[in-house]
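Report on the following structure.
In listed order, ligands and their atoms are each counted from 1. Excluded from the calculations below are hydrogen atoms, water molecules and symmetry mates; all remaining heavy atoms, backbone and side chain alike, are included. Just so it is clear, the structure is predicted and the values come from calculations on it, not from any experiment.
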Amino acid sequence: MKRVVIIGASGHGKVIADTIQKSGDQVLGFLDDDPNLDDEFCGMPVLGKVTDWKKYTNEAFVIAIGNPEIRERISHEIEGEFYTAIHPSAQISGIDVEIGQGTVVMANAVVNSGAHIGRHVIINTSAVVEHDNQINDYVHISVGTKLAGTVSVGKKSWIGIGACVSNNISICDNCMIGAGAVVVDNITEAGTYVGIPARRIK
Ligand SMILES: CC(C)(COP(=O)(O)OP(=O)(O)OC[C@H]1O[C@@H](n2cnc3c(N)ncnc32)[C@H](O)[C@@H]1OP(=O)(O)O)[C@@H](O)C(=O)NCCC(=O)NCCS
């Protein structure tokens, strides 16, 4: 059984805590810099600030922070093992799937054959990552989002809730795809894209 320290006492952190427990591992508690936090968060101890990770180097860490820049920075600061959280109800193909350290795959998500997922990625509740997808580091695939076959998503991009990405589409680094968008063309410039079909707004 692994013992895990969660960085970020947030709603996302709570869901990761549940995923860890349902996987049969133990949540030691949370580290978070918010001075207004109590000693406990969702019934588990708040162990200190993020810099207190140094007290827990024998444990595993998982970063429960949605902002990809912060997730990346903290992942470089912490010198330790990162826990990969996979909810037992997630359907992960047994054929050529790679899931990087620190990545979280939430309840009812599907990761199909040939999908390669980087480090510190969020595959959120009921998201579908179809065959041969390439999901790079620090990406967030939101709740209920569907990526068809052979989609690639660049580093730190965030695909919003309920969005769909058609097959063989490539989305570059640092994109925000709005809630409910449908991406049918490659996206080659970082920015925010919304609507059906998805168009850049800024
Ligand atoms: C795309 C998004 C990031 C834009 O947020 P923002 O930068 O604050 O932009 P604004 O709210 O100022 O909206 C700018 C314009 O785009 C429109 N817009 C925003 N989001 C949109 C969306 N998802 N689909 C269609 N239009 C959208 C707004 O109506 C507004 O139009 P207007 O200028 O005609 O009034 C945000 O709306 C969004 O969709 N976030 C996704 C959140 C999410 O998926 N959370 C789930 C986590 S699991």
Side-chain angles (χ1 to χ4, degrees), residues 6-23 30 32 34 41-42 62-75 83-92 99-100 102-112 115 117-130 133 135-148 151-166 169-202:
I6 301 176
I7 314 288
S10 58
H12 180 47
K14 273 183 208 178
V15 178
I16 293 180
D18 180 60
T19 299
I20 294 167
Q21 289 178 345
K22 292 234 166 72
S23 304
F30 294 87
D32 196 297
D34 181 352
F41 179 73
C42 64
V62 63
I63 308 171
I65 295 174
N67 182 309
E69 301 292 341
I70 300 176
R71 207 151 75 246
E72 181 178 40
R73 176 173 56 73
I74 293 177
S75 76
Y83 180 88
T84 303
I86 299 181
H87 195 281
S89 70
Q91 300 295 319
I92 313 286
I99 299 181
T103 284
V104 296
V105 182
M106 304 309 201
N108 292 321
V110 176
V111 176
N112 226 332
I117 297 172
R119 292 164 60 91
H120 304 286
V121 169
I122 304 165
I123 307 292
N124 224 322
T125 311
S126 294
V128 174
V129 175
E130 257 306 329
N133 273 216
I135 310 296
N136 286 286
D137 298 347
Y138 310 106
V139 162
H140 180 177
I141 308 296
S142 296
V143 171
T145 288
K146 292 181 168 56
L147 309 182
V151 162
S152 110
V153 181
K155 199 171 163 187
K156 292 192 261 186
S157 284
W158 176 10
I159 316 295
I161 186 165
C164 290
V165 181
S166 197
I169 293 293
S170 174
I171 296 173
C172 66
D173 296 355
N174 300 305
C175 287
M176 171 75 227
I177 308 298
V182 177
V183 183
V184 294
D185 297 307
N186 289 338
I187 294 181
T188 55
E189 266 181 75
T192 300
Y193 295 78
V194 301
I196 303 174
R199 295 282 181 251
R200 188 166 183 194
I201 54 167
K202 49 187 146 178

message: Closer than 3.5 angstrom, by distance alone: can the side chain of N124 be matched with the main-chain N or O of S142 as a donor-acceptor pair?
response: no

- line: dist N67:CG -> W158:CH2 (nearest 0.5 Å) comes out at 9.0 Å

field: atom 24 (N) of ligand 1: nearest protein contact (heavy atom, Å)
entry: V194 CB, 3.7 Å

field: T19 side chain vs V105 backbone, donor-acceptor pair below 3.5 Å
entry: no

- request: Just jot down the ligand 1 atoms closer than 4.0 angstrom to any heavy atom of G178, in number order.
  value: 1 (C), 23 (N), 39 (O)

field: Side-chain donor or acceptor of S23 paired with backbone N/O of P88 under 3.5 Å
entry: no

- prompt: Can a protein heavy atom be found under 4.0 Å away from atom 33 (O) of ligand 1?
  reply: no

message: Between S89 and N108 (side chain of the first, backbone of the second, donor and acceptor by atom type, cut-off under 3.5 Å), is there such a pair?
response: yes

- prompt: How long is the span from the CD1 atom in I187 to the CD1 atom in I171, to the nearest 0.5 Å?
  reply: 5.0 Å

task: Rounded to the nearest 0.5 Å, what's the gap from CD1 on I99 to CD1 on I117? Could you check?
output: 5.0 Å

query: Is atom 6 (P) of ligand 1 less than 4.0 angstrom from at least one protein heavy atom?
result: yes

message: Below 30° counts as parallel, above 60° as perpendicular, anything between as tilted: where do the rings of H12 and H140 land?
response: parallel

query: Looking only at distance, does A179 have an N or O less than 3.5 Å from an N or O of ligand 1?
result: yes

task: Number the atoms of ligand 1 from 1 as they appear, then name those within less than 4.0 Å of a heavy atom of G160, with their elements.
output: 44 (O)

query: Is W158 near ligand 1, meaning one of its heavy atoms is under 4.0 Å from it?
result: yes

field: Short N-O contact, D185 and R199, less than 4.0 angstrom
entry: yes

query: atom 37 (O) of ligand 1: protein heavy atom closer than 4.0 Å?
result: no

- prompt: For atom 43 (C) of ligand 1, is the nearest protein heavy atom closer than 4.0 Å?
  reply: yes

- request: Could you check atom 4 (C) of ligand 1 against the protein and tell me its nearest heavy-atom contact, residue, atom and distance included?
  value: T192 CG2, 4.4 Å

- request: For atom 10 (P) of ligand 1, find the nearest protein heavy atom and state the residue, atom name and distance (0.1 Å precision).
  value: K202 NZ, 4.7 Å

query: Taking non-hydrogen atoms only, is I161 closer than 4.0 angstrom to ligand 1 via side chain, backbone, both or neither?
result: both

query: Out of V143, I201, T125, who gets a non-hydrogen atom closest to atom 14 (C) of ligand 1?
result: I201

